[in-house]
Amino acid sequence: MYKVKAYSAASATSQFASDTIPRRETTEHDVQIEILFCGICHSDLHTVRDEWSSIMPTTYPCIPGHEIVGRVTKVGGEVTQFKTGDLVGVGCMVDSDHICPTCQDHQEQFCHNGTFTYNSPDKHGTAPVTYGGYSESIVVDERFVLSVPGNLNLAGVAPLLCAGITTYSPIRRWGDIKGKKVGIVGLGGLGHMGVKFAKAFGAHVVVFTTSPGKKEDALRLGAHEVIISTNGDEMKKHVGTFNFILDTIAADHDINAYINMLGRDGNITLVGAPETPLQVSAFALLFGRKSLSGSLIGGIAETQEMLDFCGQHNIISDVEIIPIQQLNEAYERLIKSDVKYRFSIDMASLKGE
Ligand code: NAP
Ligand code: ZN
C-alpha cells in the first residue's frame with residue numbers, strides 16, 4: 001500500500017479538503033496511473049451530497065472523480081495492453097466479474113458484481129470503498145483502462161470517460177440518426193457532448209435549455225436550433241416532431257413536456273438521474289406509441305470505440321480547467337448550471353499541497 005494526495009469530503013454537508021488516501025500496490029494485472037486531469041461530473045455532486053441515498057448511499061470520506069486521464073507509471077507482470085508512459089483513461093468502472101452474461105455481452109456497466117470507480121466496496125480491501133480521481137494516482141485492472149488517442153487535448157478528453165460515453169452509447173443504440181430530428185435536453189456536461197455526437201452522426205440537432213445565455217454556444221457546438229424550454233410558445237411549435245430525445249437534466253422536471261415533443265414511435269432516453277422520481281403521464285406515451293428508456297454509461301469496448309471516434313473526428317469536451325483548490329466553488333457553480341461546459345481539474349495543482 002502507498003499513500004497519495006487527494007481531496008475528500010467527510011460528510012454530505014462538508015466542504016472538500018486536502019487529504020491522503022491509500023492505493024494498493026500494483027498486482028500482476030494492474031496499471032498504476034499518474035492522474036493528469038479529472039472531470040467533475042454532476043454524479044460526483046449527487047454522490048458527495050448523498051442525494052442518491054435511497055439507491056446508492058455514500059460512504060465517507062468520499063473521493064469522487066470518474067473522468068480520469070493520465071500517464072502509466074507502472075504495470076504488473078501480466079499486463080499486456082499498456083506500458084509505462086502510455087496515455088490512458090479510466091471512467092466510471094474499475095472492475096466486474098467478467099463471467100456473467102452481461103459481462104460476456106460487453107455490458108460491464110450492468111454487472112451485478114461490478115465495482116464503480118468510487119463509493120463501491122473495495123474488493124482489494126485497500127479501503128472500505130473505492131476512491132476516485134480527485135487524487136494524484138490510481139491503480140486499476142488493465143481490463144478497465146482505456147487507450148487515449150494521442151492527438152487530443154487531455155483536459156478535454158477527461159470528460160469523455162463519462163459524459164462522452166453516456167451520450168454516445170444511447171445515440172448509437174437508437175440507430176441511424178442521419179437526417180432525424182434529435183433533441184438534447186439540458187446543455188451541461190452531458191448535454192454538450194450529446195450535441196457534438198448527434199451532429200457528428202448527421203442528425204438535425206435541437207437543444208432544449210432553460211438558460212437563454214447558452215443559445216449562441218449551443219449553435220456553435222453544432223445545434224441547428226435552440227428552444228428555450230421555459231417559453232411555452234417556442235415549445236408549442238415543436239410538439240410531435242422529434243424522432244429521438246436525450247434527457248440529461250440533473251434535477252426534477254416535467255418529462256411529459258418532452259414526451260409530447262416526440263412524433264409517432266419516438267423515443268426519449270433518460271440519462272439524467274434526479275434524486276426524486278419523475279411523474280410520467282401514461283397518456284403522453286400511449287398516443288403515438290412513444291417509448292421512454294434509460295441508459296447507463298457504456299461498456300468498456302464501446303468506451304474505447306467512442307474514444308477512437310473522438311480521435312478520428314477531433315471531438316473533445318469544452319472545458320474550464322481549474323486547480324483542485326477551486327473544487328468547492330466549482331460545485332456551487334455546477335448547481336447553478338454555470339459551467340462551460342465541464343470543469344476539468346488540473347491535477348498538477350495537487351502537487352503543492
Ligand atoms: P450538468 O453539467 O449540471 O448539466 C445538467 C444540465 O441540466 C444543466 O446544465 C441545465 O442545462 C439542466 N438543468 C439543471 N437543472 C435543471 C432544472 N431544474 N430544470 C431544467 N433543466 C435543468 O450535469 P451533467 O454532469 O451533465 O449530468 C446530468 C445528469 O446526468 C446528472 O443527474 C448526472 O448524475 C447524470 N449522469 C448520468 C449518467 C448515466 O450513466 N446515466 C452518467 C453521468 C451523469 P440548461 O442550463 O441548458 O437548462
Ligand atoms: Zn459521470
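Counting convention: from 1, in listed order, for ligands and their atoms alike. Being a predicted model, the structure only gives us computed values, none of them experimental.
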Give me the residue, atom name and distance of the protein heavy atom closest to [atom].
atom	answer
atom 25 (O) of ligand 1	R342 NH1, 2.6 Å
atom 30 (O) of ligand 1	G272 CA, 3.3 Å
atom 45 (P) of ligand 1	T209 OG1, 3.3 Å
atom 33 (C) of ligand 1	S43 OG, 3.4 Å
atom 4 (O) of ligand 1	G188 CA, 3.3 Å
atom 48 (O) of ligand 1	T210 OG1, 2.6 Å
atom 3 (O) of ligand 1	H42 ND1, 2.7 Å
atom 7 (O) of ligand 1	I249 CA, 3.7 Å

Does [X] come within less than 4.0 Å of ligand 1, judged by its heavy atoms?
X	value
Q109	no
A163	no
W52	yes

Is the side chain of [X] donor-acceptor paired with the backbone N or O of [Y] at a distance under 3.5 Å, no angle test?
X	Y	result
E320	V339	no
H313	G311	no
Q107	G299	no

Identify which one of F16, F343, Y7 satisfies the ring-ring contact (aromatic ring centres under 6.0 Å, His included) criterion when paired with Y331.
->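 Only one of F16, F343, Y7 forms a ring-ring contact (aromatic ring centres under 6.0 Å, His included) with Y331, namely F16.
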
Element-labelled atoms of ligand 1 that are located less than 4.0 Å from some non-hydrogen atom of [X]:
X	value
T166	38 (C), 39 (C), 40 (O), 41 (N), 42 (C)
I297	39 (C), 40 (O)
C162	42 (C), 43 (C)
T248	5 (C), 28 (C), 29 (C)
K214	9 (O), 11 (O), 45 (P), 46 (O), 47 (O)

Nearest non-hydrogen contact with [atom] belongs to which option: [options]?
atom	options	result
atom 46 (O) of ligand 1	S169, A250, S211, C41	S211
atom 35 (C) of ligand 1	T47, L45, L187, V271	V271
atom 10 (C) of ligand 1	G91, S337, G164	S337
atom 18 (N) of ligand 1	P274, A251, A273	A251

Residues, nucleotides or ligands: over 12 heavy atoms within 6.0 Å of K123 NZ =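 Atom NZ in K123 is packed in, count exceeds 12.
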
So with a 6.0 Å cut-off around CD of Q279, is the heavy-atom count from everything else above 12?
->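 No, because the 6.0 Å sphere around CD of Q279 holds 12 heavy atoms or fewer from other groups.
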
Answer whether the closest heavy-atom distance between the side chains of L270 and I255 falls below 4.5 Å.
->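 A side-chain contact exists here, since the closest heavy-atom pair is under 4.5 Å.
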
K215 vs T209 side-chain heavy atoms within contact, under 4.5 Å |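 When only atoms from C-beta onward are counted, T209 and K215 do not touch, as no gap falls below 4.5 Å.
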
Minimum heavy-atom distance S344-A155, with the two atoms named |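 That would be OG-O, 2.9 Å.
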
Measure across I316 and M193 and return the closest heavy-atom pair with its distance rounded to 0.1 Å.
->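 Heavy-atom minimum between the residues: O-SD, 4.1 Å.
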
Got a sec: is C92 within less than 2.8 Å of the Zn ion (ligand 2) via an N/O/S atom?
->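 Given the 2.8 Å cut-off, C92 does not count as a ligand of the Zn ion (ligand 2).
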
Could you tell me whether any N, O or S atom belonging to H66 is less than 2.8 Å from the Zn ion (ligand 2)?
->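 Coordinating: yes.
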
Parallel under 30°, tilted from 30 to 60°, perpendicular over 60°: which one fits the rings of Y168 and F197?
->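 Rings of Y168 and F197: perpendicular, over 60°.
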
F287 and F283 aromatic ring geometry - parallel, tilted or perpendicular at 30°/60° bounds =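 F283 and F287: parallel rings.
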
Do you see a donor-acceptor pair shorter than 3.5 Å between the side chains of D308 and Q304?
->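 Their side chains do contain a donor-acceptor pair, which is all the 3.5 Å distance test asks for.
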
